[in-house]
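Report on one structure; see the data block that follows.
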Amino acid sequence: MPKPEDIDIPKLGDFLVTPAVSPDSMAHSQPYVANADHQNALGFPGELVDNWHDVAIAKLGELTSKSRGLQVYLDSCVKCGACTDKCHYFLGTGDPKNMPVARQDLLRKVYRRYFTLPGKYFPKLVGAEDLTEEVLDEWYKYYHQCSQCRRCSVYCPYGIDTSEVSMAAREIMASVGKGQKYCNEIINKVHTIGNNLGLPEPALADTLQGLEEDVLEDDGVAVKFPLDVKGADVLLVTPSADFFAEPHIDGLIGYAKVFHQAGISWTVSSYASEAANFGLFIGSYDNMQKMALRIREAALELGVKRIVFGECGHAWRVGYSFLDTLAGPFDFLDGDYPVPQHIVEVTHELIQQKRIKLDPEANNDKRVTFHDSCNVARASRMGTESGGQLVLPREVIKACCNHFFDMPENTIGEATFCCGGGGGLLTDDLVELRIKGALPRMQALKELDDQHQITHMAAICAICKSQFSKVLPYYGFQMDQVISVHQLVGDALVMSSGEI
Amino acid sequence: MPGCQSRQVASSQLMGTVLSIVLYFSAVIFVVGLLRRIVRYASIPAPLKIPTTPAPTTRRGVALRLAREVVLFESLFKASKWTWLFGWLFHFGLLLSLLAHLRFFVDPVWWWVAFVSRFSPYAGMLMFLGLSGLLLRRFMVDRVRYISAPSDFLMLLFLMAIAGTGLLMRYGFRADIVELKVFAMGLKYFDFASLAFHPVLLLHLLLVAVLLLIFPFSKLLHVPGLFFSPSRYQVDNPREKRHLSRRSNDGVRTQGVEHPERDSA
């Protein structure tokens with residue numbers, strides 16, 4: 001495992017260059033394998049089972065029968081090459097197996113060999129291959145070099161979504177006993193404690209109380225950070241990084257100030273104290289559902305009327321796109337509000353209704369750009385209009401800042417680049433991959449910075465925030481240049497000094 | 001010599017019959033194979049909402065999105081202008097060619113088929129040009145070369161051979177069009193008409209037969225695939241309308257949680 005000092009950090013040039021293919025240049029990169037306890041707790045075998053080959057093939061057959069997307073994606077690729085220069089990991093590493101089509105083909109070649117006529121009788125002709133231990137190793141390496149960001153699916157003429165293939169491959173690997181340590185450990189913490197960090201209720205209560213004191217000291221306003229308050233209107237479900245990590249915590253303070261100023265009663269639940277759902281990353285419907293149900297149970301228990309998600313990318317995907325399917329129906333909540341809502345939607349509406357007042361002068365020291373989180377941009381929506389997930393955050397930021405600039409068109413919106421740490425890869429054992437995968441975003445930031453002297457890049461995802469804090473310095477930026485959207489909101493919010 | 005002529009008639013009859021059987025066989029495999037695939041796609045549940053967003057929020061919007069993909073190759077246009085150009089030229093040429101070939105199967109020829117037929121040679125050229133561009137790209141671009149299996153090259157060469165033999169019959173190796181039409185009309189009525197031996201025509205028809213045969217088992221499945229691709233056909237409305245699917249899931253249950261039972265778009 002190379003340490004950061006041994007890594008050849010990519011250099012930023014004048015523009016993004018598509019690298020020449022450099023086979024196996026990332027063949028050494030793989031995350032730690034999950035131990036037996038973490039595997040067993042999620043319903044997977046503790047170590048590689050003896051008949052792993054047969055189990056894997058059977059699982060592949062099962063998954064293609066359970067997911068229309070996977071079946072169609074495995075059949076439909078014509079190898080046109082449209083996706084080959086779209087993945088940030090390929091652009092950052094040049095390893096051809098990081099081209100989306102080549103990544104899919106690691107699974108597709110096995111699918112073709114065992115499930116299609118030409119693959120059974122003419123494997124060489126159609127590029128079909130037996131499932132061997134080498135292939136399984138390749139799966140483990142390269143399906144953990146995909147952040148499931150869906151950028152490739154935008155450009156594929158058939159919408160083939162590599163993230164679905166990656167999820168399937170990870171589920172197969174977990175099912176034969178080769179799960180990923182980072183994700184499985186975290187999922188276990190959610191199942192047992194309620195959040196990714198493993199913060200138990202007392203620690204959470206302590207943290208939130210500390211925040212109340214901080215805000216009172218800084219702003220002179222008694223903003224509450226309620227925990228497990230029954231009968232509150234809003235259940236806030238937010239990534240647990242918001243409770244302690246920088247710059248996430250300033251976002252949480254921003255949400256609290258918005259609720260405070262709008263007079264909306266809200267609470268955090270210690271039982272469902274995590275928005276992120278890593279079940280998505282490992283492709284496990286059952287684990288994803290189990291975690292989503294915690295949110296339902298907390299909402300019922302606390303008797304809230306609305307569920308609001310904090311700033312988190314893949315969480316918003318699971319929240320917006322899957323929550324109702326996994327844990328609905330939510331007919332016990334107030335039907336006047338969508339279930340769930342994003343905090344940006346809440347703030348945006350309050351701004352439009354003039355129920356909160358923002359003073360953009362407060363952020364005059366900042367020249368800001370916005371990083372569209374991959375799963376917000378390409379796997380969800382905000383507001384009522386298609387594409388609102390790209391519009392609303394920008395309108396909120398512009399209401400808080402006088403100096404806002406967008407990065408180049410082909411690096412934002414639906415074409416946004418992943419931060420390089422999404423999809424269950426935000427772990428130190430993959431730091432080289434994370435640094436190199438951030439290259440396209442860093443390049444875009446540099447181009448904008450050269451023109452407009454950007455001081456801050458705002459993000460709406462806990463993973464993006466942690467990842468950028470880590471990788472920005474490798475590219476000549478400062479780690480604290482990444483901030484939460486709701487930090488900008490919190491700083492610009494005009495607080496009324498009296499009681500609400 | 002009357003004997004020689006009767007031998008020719010007999011061999012034409014034999015050729016017509018054998019070719020008819022080959023074409024019927026491949027057509028049956030094509031239709032049955034494709035239908036089976038389509039039925040499979042339709043019957044597999046789509047457990048979750050996964051449209052690539054921004055996506056249309058209505059069914060009408062989705063119909064338009066799919067139409068843009070089918071007619072204009074919208075996503076490919078965003079991805080790579082050269083691949084789009086060559087790919088679109090080939091498919092457009094193929095469409096024109098297919099329509100023009102209807103003139104062999106209807107009598108009298110519909111006016112619009114007659115009209116399209118006037119462009120038939122250009123259609124063949126467009127196909128050939130588009131395919132050549134795609135083939136060149138497959139050789140020249142290191143990324144595309146890396147992902148290409150032998151079958152990917154062969155498929156292009158194969159389609160070029162079909163277009164090429166078609167063009168050859170237009171320029172030089174002319175077949176007996178009248179006899180061909182009788183043969184083609186005969187196929188419609190299970191009437192095995194005779195067909196004189198013509199090497200280019202024979203090759204052209206055999207290649208088409210093979211194309212039909214491999215269609216349901218190859219990457220040509222991208223044709224039905226597009227219509228069953230959840231990232232493209234799904235409506236972005238998970239909060240407005242609960243998405244349910246047949247996904248069998250014996251895992252977690254809590255009180256009050258319905259078991260998802262049916263698909264919805």
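Each chain gets a letter, A, B and so on, in the order the sequences are listed, and its residues count up from 1. Every heavy atom of this structure was used, including side-chain atoms; hydrogens, water molecules and symmetry mates were not. Computed from a predicted structure; not experimentally measured.
Heavy atoms closer than 4.5 Å to chain B are found in both the backbone and the side chain of A:V78. Contacts between A:A377 and chain B at a heavy-atom distance below 4.5 Å involve the backbone alone (N, CA, C, O). For chain A, the nearby part of B:T83 is the side chain; its heavy atoms alone come within less than 4.5 Å. Only the side chain of B:R232 comes within contact range of chain A, with heavy atoms under 4.5 Å apart. For B:E74, no part lies under 4.5 angstrom from a heavy atom of chain A. Using a 4.5 Å cut-off between heavy atoms, A:F90 contacts chain B through its side chain alone, with no backbone atom that close. Contact of A:L117 with chain B is made through the side chain alone, with heavy-atom distances under 4.5 Å. Only the side chain of B:D152 has a heavy atom closer than 4.5 Å to any heavy atom of chain A. Residue contact with chain A, scored on non-hydrogen atoms closer than 4.5 Å, is absent for B:R145. With a threshold of 4.5 angstrom between heavy atoms, A:F332 does not approach chain B through any atom at all. Using a 4.5 Å cut-off between heavy atoms, A:M291 does not touch chain B at all. Interface residue A:C77: only backbone heavy atoms are found under 4.5 Å from chain B. Within the 4.5 angstrom heavy-atom criterion, only side-chain atoms of A:L390, from C-beta onward, approach chain B. Only the backbone of A:K124 comes within contact range of chain B, judged by heavy atoms closer than 4.5 Å. A:D75 touches chain B through backbone and side chain together, each having a heavy atom under 4.5 Å away.
For the pair A:Q389 and B:T53, the tightest heavy-atom approach, listed with the atom from each and the gap, is NE2-OG1, 3.4 Å. Looking at every heavy atom in both residues, A:K79 comes nearest to B:R138 through O-NH2, 2.7 Å.
A donor-acceptor distance shorter than 3.5 angstrom exists from the side chain of A:K86 to the backbone of B:A79, with no hydrogens or angles considered. No donor-acceptor pair under 3.5 Å is formed between the side chain of B:S229 and the backbone N or O of A:V72. Side-chain atoms of B:R242 come within 3.5 Å of backbone atoms of A:D324 as a donor-acceptor pair (strictly under, hydrogens ignored). At distances below 3.5 Å, at least one donor-acceptor pair connects side-chain atoms of B:D142 with backbone N or O atoms of A:V21. Without hydrogens or angle criteria, A:T325 side chain to B:H243 main chain gives a donor-acceptor distance under 3.5 Å. Side chain of A:R68 to backbone of B:I44: a donor-acceptor contact under 3.5 angstrom is found. Judged by distance alone, with hydrogens and angles left aside, the side-chain atoms of B:R143 form no donor-acceptor pair with the main-chain N or O of A:C83 at under 3.5 Å.
Of the residues considered (B:L66, B:I50, B:V223), B:I50 shows the highest number of contacts with chain A, using heavy-atom pairs under 4.5 Å. Between chain B and the residues A:G413, A:S380, A:G387, the largest count of heavy-atom pairs under 4.5 Å involves A:S380. Between chain A and the residues B:F228, B:F227, B:F73, B:F153, the most heavy-atom pairs under 4.5 angstrom are made by B:F228. Note on B:V144, B:L76, B:I147, B:L221: by heavy-atom pairs under 4.5 Å with chain A, the leading option is B:I147. In terms of non-hydrogen atom pairs under 4.5 Å with chain B, the most contact-rich of A:V339, A:L323, A:L70, A:V154 is A:V154. With chain B as partner, the option from A:G81, A:S386, A:G127 having the largest number of non-hydrogen pairs under 4.5 angstrom is A:S386. With chain B as the partner, the residue from A:P338, A:A102, A:P96 showing the most heavy-atom pairs under 4.5 Å is A:P96. Comparing B:G87, B:P51, B:A149, B:S75 by how many heavy-atom pairs each has under 4.5 Å with chain A, the most go to B:S75. In terms of heavy-atom pairs under 4.5 angstrom with chain B, the leader among A:T384, A:N410, A:T64 is A:T64. The candidate with the highest count of non-hydrogen atom pairs below 4.5 Å against chain A, out of B:L226, B:L48, B:L154, is B:L48. Comparing B:P224, B:P54, B:S218 by heavy-atom pairs within less than 4.5 Å of chain A, the highest count is held by B:P54. Highest contact tally toward chain B, considering only A:G69, A:C80, A:G388, A:A128, is held by A:C80 [criterion: heavy-atom pairs under 4.5 Å].
With a 6.0 Å radius and a threshold of 12 heavy atoms from other residues, nucleotides or ligands, B:Y24 has its OH atom above the threshold. Other residues, nucleotides and ligands contribute at most 12 non-hydrogen atoms within 6.0 Å of the CD atom of A:E385. Other residues, nucleotides and ligands contribute more than 12 heavy atoms inside 6.0 Å of the NZ atom of B:K81.
The distance from atom NZ of B:K78 to atom OH of A:Y155, rounded to the nearest 0.5 Å, is 7.5 Å. Between the CD atom of A:Q71 and the OG atom of B:S43 there is a distance of 9.5 Å, given to the nearest 0.5 Å.
Between B:S231 and A:S153, the side chains place no donor N or O within less than 3.5 Å of an acceptor N or O (distance only, hydrogens not considered). Counting only N and O atoms by type, the side chains of A:Y337 and B:R239 include no donor and acceptor under 3.5 Å apart.
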side-chain contact (heavy atoms from CB on, under 4.5 Å), that's the test. Do A:E414 and B:T52 meet it? Break it down for me. CA-CA 9 Å; A:E414 70 170 2; B:T52 310; 6.0 Å; no
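Contact annotation: the side chain of B:Y146 never approaches that of A:T84 to less than 4.5 Å [non-hydrogen atoms, C-beta and beyond]. You'll find the side chain of B:P230 reaches within 4.5 Å of the side chain of A:Y73, heavy atoms only.
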